[in-house]
Amino acid sequence: MAAGHSHDTLGAWLARAATRSDRGVRLLDRREQDRLVPWPELVGRAAEVAGGLQALGVRPGDRVALAFPTGEGFLAAFLGALRAGAVPAPLPPPSRLGQLGEQQRRLRAMLDAAAPRLVLAEPALLPLLRDPVAASAPALGCHPLAALPRAAAVAADVADVAPGLVQFSSGTTAAPKAVALSRRALVVQARLLNSIWPEGAGVVHRGFSWLPLHHDMGLVGCVLPALERPADLALLPPEAFVARPALWLRGISRTGATVSAAPTFAYARCLRRVRDEELAGVDLGGWRIALCGAEAVVPETLHAFARRFARWGFRDEALVPVYGLAEAGLAVTFGAVGRPFITRRFARDVLLGGAAVPDPEGRELASVGTTLPGFAIALRDDDGRELPAGRVGTVWVHGPSLMDGYLGDPAGTARVLRDGWLDTGDLGFLAGGELFLVGRRKDAVIVRGRNHAPEEIEEAAGAVAGVRPGGVAAVGWLPEAADEEELLLLVERARGDEVDGVDALVTACREAVLAAVGLAPGRVASLAPGTLPRTSSGKLRRGEALRRWLAGELPGAAGTTSGAAPERR
């Protein structure tokens with residue numbers, strides 16, 4: 001998988017893709033209209049962008065921020081920046097439908113961290129970007145693609161070890177960090193992923209994705225492997241999936257896609273929001289690899305998805321839990337392809353205490369598989385000592401596509417990169433040679449001296465009727481004048497639910513959590529749909545949610561109750 005040969009560079013991939021008019025990127029919208037952009041046409045547009053960037057004064061190594069929705073504009077800008085030897089820094093496109101002030105604050109933080117020389121943006125987004133860009137003051141300003149000078153691109157002499165991408169970390173526990181990845185890291189990741197689903201013997205793979213293109217799972221995990229092969233790739237805007245998740249399943253069937261990835265919340269959303277009548281004529285039998293990653297894998301959600309959609313040809317052996325993170329370039333471990341994913345149950349009382357003890361009545365965890373070629377993982381305690389199998393510790397990763405570091409943050413880089421190993425901050429353990437994840441080190445809820453995984457608490461409350469899928473945040477909270485922390489549960493109501501039913505919803509959530517983990521929430525707050533803060537990729541920001549709740553900044557809060565039930569022992 002080593003990069004560095006002339007045929008194994010991003011520039012060589014673009015040149016090869018320019019010869020493949022039989023394959024391309026299909027762009028779909030929420031009305032299920034689509035347009036195929038053959039690779040030669042897309043590479044040609046990228047060359048125009050590269051020429052314009054060079055004429056404007058962009059040089060190899062300069063950072064270029066990109067603010068585009070899913071579409072041809074983003075792809076042309078991203079590939080054009082790579083063609084020019086520049087370093088693309090994709091930003092989440094702002095939207096008036098969300099909390100614009102918060103979006104702009106995060107955009108400014110991202111621009112400050114990336115320090116781009118130029119910002120390229122979709123024309124419709126320019127008014128929303130005005131303030132963050134003005135504060136950042138990039139030397140070459142902010143332009144739509146149409147405003148770039150017309151000039152022929154000059155081949156850029158760029159080394160494999162040169163910077164290739166600024167990928168912002170998810171920022172679940174802090175502000176997003178600007179992760180610097182080399183061009184070699186991008187090449188290695190794309191080739192590793194394509195090795196998981198090799199072609200040959202009549203097998204041709206096609207991808208389908210609704211994942212945001214500014215996120216590593218959508219960009220590094222979907223676009224780059226399609227470019228390396230080159231392969232057919234269908235893209236659906238994330239907002240179209242959120243509004244109507246059936247479009248994901250219908251699109252996979254319609255385009256004959258064999259590979260598609262999503263976080264757990266997407267599979268849960270399909271379970272709750274897809275109606276049988278929307279799947280008339282759909283065939284999911286060709287979906288060979290249904291990846292699940294980017295957040296905690298919930299086994300029951302995946303089992304339920306397989307059961308529900310089996311009648312349309314979906315097979316449970318297609319589900320493949322995976323693990324990765326931006327700082328590793330993306331993928332680190334993969335479950336086995338072509339077999340039902342592995343789950344085991346472990347005693348919850350001691351799991352976050354440091355031991356993985358099998359218990360048939362315990363918490364069910366899904367294996368996220370074994371390491372990809374060239375990678376290694378180690379589980380370490382707080383003092384950095386490596387732990388044996390069956391002991392819970394922090395996951396450390398060593399591999400060929402680790403980040404070069406955080407831009408402008410040498411201290412932050414030194415905290416997580418040591419002697420070629422990356423401290424992920426995730427908690428897990430090894431069993432049977434496979435990795436099982438427990439949660440994040442900073443997110444553990446500690447009540448009466450016992451650790452509790454927020455994911456398990458959120459899963460229990462999320463199963464209650466009337467709770468919005470993925471709309472639960474479990475955090476530790478110290479009330480005024482109290483001498484110990486309590487569990488605070490922030491729960492979004494499903495859309496359409498009346499506030500009159502809040503008390504029943506709150507009670508049901510408390511009872512579900514008590515039954516599942518033996519802990520009664522000290523406080524449950526029922527929130528309006530869409531209020532919990534999330535990263536650009538949809539992950540909950542628990543720390544920020546707590547801050548906003550304490551500050552009274554979460555709209556729609558109702559039905560808060562103090563817990564009176566004791567913790568079950």
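No side-chain donor-acceptor contact under 3.5 Å links Ser401 to the backbone of Ala185. In terms of modelled atom types and a separation under 3.5 Å, the side chain of Arg183 and the main chain of Gly164 share no donor-acceptor contact. Not a single donor-acceptor pair under 3.5 Å links the side chain of Trp197 to the backbone N or O of Glu199. Remark: the backbone N or O of Arg16 is paired with a side-chain donor or acceptor of Thr19 at under 3.5 angstrom. Within the 3.5 Å criterion, the main-chain N or O of Leu271 finds a donor-acceptor partner in the side chain of Arg308. With Arg468 contributing its side chain and Ala528 its backbone, the two residues share no donor-acceptor pair below 3.5 Å. In terms of modelled atom types and a separation under 3.5 Å, the side chain of Gln189 and the main chain of Ala331 share a donor-acceptor contact. With hydrogens and angles ignored, the 3.5 Å screen pairs no side-chain donor or acceptor of Arg541 with any backbone N or O of Pro533. The main-chain N or O of Gly530 is found under 3.5 Å from a side-chain atom of Glu492 such that the two form a donor-acceptor pair. Side chain of Arg493 to backbone of Ser526: a donor-acceptor contact under 3.5 angstrom is found.
Here the side chains of Leu75 and Leu235 are in contact, with some heavy-atom distance below 4.5 Å. Looking only at side-chain heavy atoms (C-beta outward), Leu330 and Leu193 come within less than 4.5 Å of each other. Two residues are said to be in side-chain contact when any heavy atoms from C-beta on lie closer than 4.5 Å; Pro400 and Arg184 meet this criterion. No side-chain heavy atom of Val332 sits under 4.5 Å from any side-chain heavy atom of Leu372. When side chains are defined from C-beta on, Asp232 does not count as touching Arg26, because their heavy atoms never get closer than 4.5 Å. Put simply, the side chain of Glu239 does not reach to within 4.5 Å of the side chain of Thr70, judged on heavy atoms.
Every residue two or more places apart in sequence or in another chain was checked for a ring-ring contact (aromatic ring centres under 6.0 Å, His included) with Trp39, and none qualifies. With sequence neighbours left out, Glu122 forms a side chain to side chain contact (heavy atoms under 4.5 Å, CB included) with Phe68, Pro69, Leu125. With sequence neighbours left out, the side chain to side chain donor-acceptor pair (under 3.5 Å) criterion links Tyr323 to Thr424, Asp426. Take Arg250 and apply the side chain to side chain contact (heavy atoms under 4.5 Å, CB included) test, not counting sequence neighbours, and it matches Glu32, Arg244, Ala246, Leu279, Val282. Here Glu277 pairs with Arg275 under the salt bridge (charged side-chain N to carboxylate O under 4.0 Å, His left out) rule; sequence neighbours left out. For Thr394, the side chain to side chain donor-acceptor pair (under 3.5 Å) partners two or more places apart in sequence, or in a different chain, are Arg441. Qualifying ring-ring contact (aromatic ring centres under 6.0 Å, His included) partners for Phe305, counting only residues two or more places apart in sequence or in other chains: Tyr267, Phe309, Phe314. For Ala81, the side chain to side chain contact (heavy atoms under 4.5 Å, CB included) partners at least two apart in sequence or on another chain are Leu53, Ala86, Pro88. Residues forming a side chain to side chain contact (heavy atoms under 4.5 Å, CB included) with Arg307 (at least two apart in sequence, or on another chain): Glu300, His303, Ala304.
Nearest heavy-atom pair, Ala296 versus Glu455, reported as atom, atom and distance to 0.1 Å: CB-CG, 3.5 Å. Looking at every heavy atom in both residues, Pro90 comes nearest to Leu219 through CG-CD2, 3.9 Å. The minimum heavy-atom distance linking Cys292 with Pro263 is given by the pair SG-C, 4.2 Å. Across all their heavy atoms, Pro237 and Asp29 have their closest contact at CD-CA, 4.4 Å. In terms of heavy atoms, Val297 sits closest to Thr264 at CA-OG1, 3.4 Å. The two residues Ala465 and Leu505 come nearest to each other via the heavy atoms O-CD1, 3.5 Å.
For residues 309-320, the side chain to side chain donor-acceptor pair (under 3.5 Å) pairs, not counting sequence neighbours, are Asp276-Arg311.
From Leu10, atom CG reaches atom CG of Leu227 across 7.5 Å, with rounding to the nearest 0.5 Å. One distance of note links CH2 of Trp287 with CD1 of Ile252; it measures 4.0 Å at 0.5 Å rounding. Taking CZ of Phe74 as the reference point, atom CG of Leu66 lies at 6.0 Å (rounded to 0.5 Å). For the atom pair NE2 (His215) and OG (Ser169), the distance works out to 9.5 Å, reported to the nearest 0.5 Å.
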Checking Leu91 against His214 for the side chain to side chain contact (heavy atoms under 4.5 Å, CB included) test, could you report, in this order, the C-alpha distance in whole Å, the side-chain angles of both residues, the deciding distance, and whether it holds? CA-CA 6 Å; Leu91 303 171; His214 61 269; 5.9 Å; no
Run the side chain to side chain contact (heavy atoms under 4.5 Å, CB included) test on Val438 and Arg363 for me, step by step, so that the C-alpha distance in whole Å, both residues' side-chain angles and the decisive distance to 0.1 Å come before the verdict. CA-CA 10 Å; Val438 177; Arg363 178 183 174 192; 3.9 Å; yes
Using the side chain to side chain contact (heavy atoms under 4.5 Å, CB included) rule, take Glu72 and Leu42 through it: C-alpha gap first, then chi angles, then the decisive distance, then the call. CA-CA 8 Å; Glu72 188 175 351; Leu42 192 54; 4.1 Å; yes
Start with the C-alpha gap between Ile377 and Leu430, add the side-chain angles, then the distance that decides, and say whether side chain to side chain contact (heavy atoms under 4.5 Å, CB included) holds. CA-CA 10 Å; Ile377 56 176; Leu430 291 169; 3.8 Å; yes
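Contact check on Arg542 versus Glu458 returns a salt bridge, with a Lys/Arg side-chain nitrogen under 4.0 Å from an Asp/Glu carboxylate oxygen.
Relative orientation of the Phe241 and Trp248 rings is perpendicular, given thresholds of 30° and 60° on the angle between their planes.
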Distance-only donor-acceptor hits, side chain of residues 333-341, under 3.5 Å, sequence neighbours excluded:
| unit_1 | atom_1 | unit_2 | atom_2 | d |
| --- | --- | --- | --- | --- |
| Thr333 | OG1 | Val368 | O | 2.8 |
| Arg339 | NH2 | Glu434 | OE2 | 2.9 |

Could you pull out all donor-acceptor pairs under 3.5 Å where a side-chain atom in residues 205-213 meets a protein atom, sequence neighbours excluded?
| unit_1 | atom_1 | unit_2 | atom_2 | d |
| --- | --- | --- | --- | --- |
| His205 | ND1 | Thr258 | OG1 | 2.7 |
| Ser209 | OG | Leu211 | N | 3.1 |

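Between the side chains of Asn194 and Glu228, at least one donor-acceptor pair of N or O atoms lies under 3.5 Å.
Of the options Leu79, Val37, Leu145, a side-chain contact (heavy atoms from CB on, under 4.5 Å) to Arg45 is made by Leu145 and by none of the others.
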